[in-house]
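Below you'll find the structure, written out as structure tokens, and then a few comments.
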Amino acid sequence: MKEFSIIIMVIGDLEENLLKDIKLQLDNMLYPLKVTKVENIPMPKKAYNPQRQQYRTLEFMKALRKHAVDKHSKYLGITSLDLYTEGAEFDFGLALQDMNLCIVSTHRLRPEYYGQPPNPKLLTKRAVKEAIHELGHCFGLEHCYNPRCAMYFSSGVVDTDRKRENFCEQCQKRIRTKITN
Ligand SMILES: [Zn+2]
Ligand SMILES: [Zn+2]
């Protein structure tokens with residue numbers, strides 16, 4: 001079996017507690033994969049679009065790529081900034097499977113974004129689900145039609161709240177063959 005590890009990289013500011021909770025939960029869930037270390041990388045300069053007041057996801061991916069040197073690792077970027085790609089209103093996250101890179105934005109996962117009171121537990125849960133989703137892409141999984149599966153595509157937090165942080169049985173089978181082959 002190949003040895004994979006997950007490396008978390010934070011772009012911009014992220015609360016220490018949130019990061020700690022996400023890392024801990026991913027570590028537990030992804031066992032025996034190791035969530036090994038956390039690096040902070042600077043915000044890419046060209047990422048901000050003042051018209052949209054959002055950040056270009058692809059610029060973040062480019063920045064991550066420079067740090068993603070270990071071929072046996074999957075790199076997960078986490079940012080609190082509001083991400084988008086051309087043609088989409090926003091991105092909860094994105095994965096580039098061939099490069100073992102993915103990213104998650106917590107911006108629209110915060111209850112405060114929808115005028116609700118802060119809820120760190122809910123925020124962590126949502127971030128973990130979206131992180132597992134993007135990492136699933138990095139391991140070669142596609143979107144799943146099961147709304148309870150982590151690989152279900154979230155078009156809003158309602159979808160994220162409905163799905164579980166685990167893969168459905170089908171996706172689990174698929175990922176197992178990909179990891180062991
Ligand atoms: Zn997806
Ligand atoms: Zn599934």
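Start at 1 and go down the list; that is how both ligands and their atoms are numbered.
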* Which pair of heavy atoms, one from S73 and one from D70, lies closest together, and at what distance? -> OG-OD2, 2.7 Å

* Please say whether more than 12 non-hydrogen atoms of neighbouring residues, nucleotides or ligands are located less than 6.0 Å from NZ in K125. => no

* Measure from the Zn ion (ligand 1) to every N/O/S atom of H133 and report the name of the nearest one. => NE2

* Does the K129 side chain pair with the main chain of T160, one donor and one acceptor, at a distance under 3.5 Å? -> yes

* Asked: So D82 and Y113, side chain to side chain donor-acceptor pair (under 3.5 Å) or not? Walk me through it.
  -> CA-CA 11 Å; D82 196 15; Y113 185 82; 4.8 Å; no

* To do: State, to the nearest 10 degrees, the angle whose vertex is the Zn ion (ligand 1) and whose arms point to NE2 of H137 and NE2 of H143.
  => 100°

* **Contact check, side chains of L76 and V104, non-hydrogen atoms, under 4.5 Å** => yes

* To do: Would you please classify the geometry between the Y55 ring and the F60 ring as parallel, tilted or perpendicular, with 30° and 60° separating the classes?
  => perpendicular

* Asked: For the Zn ion (ligand 2), which protein N/O/S atoms are closer than 2.8 Å?
  -> C144 SG, C149 SG, C168 SG, C171 SG

* So, for H67 and Y75, is the gap between ring centers shorter than 6.0 Å? -> no

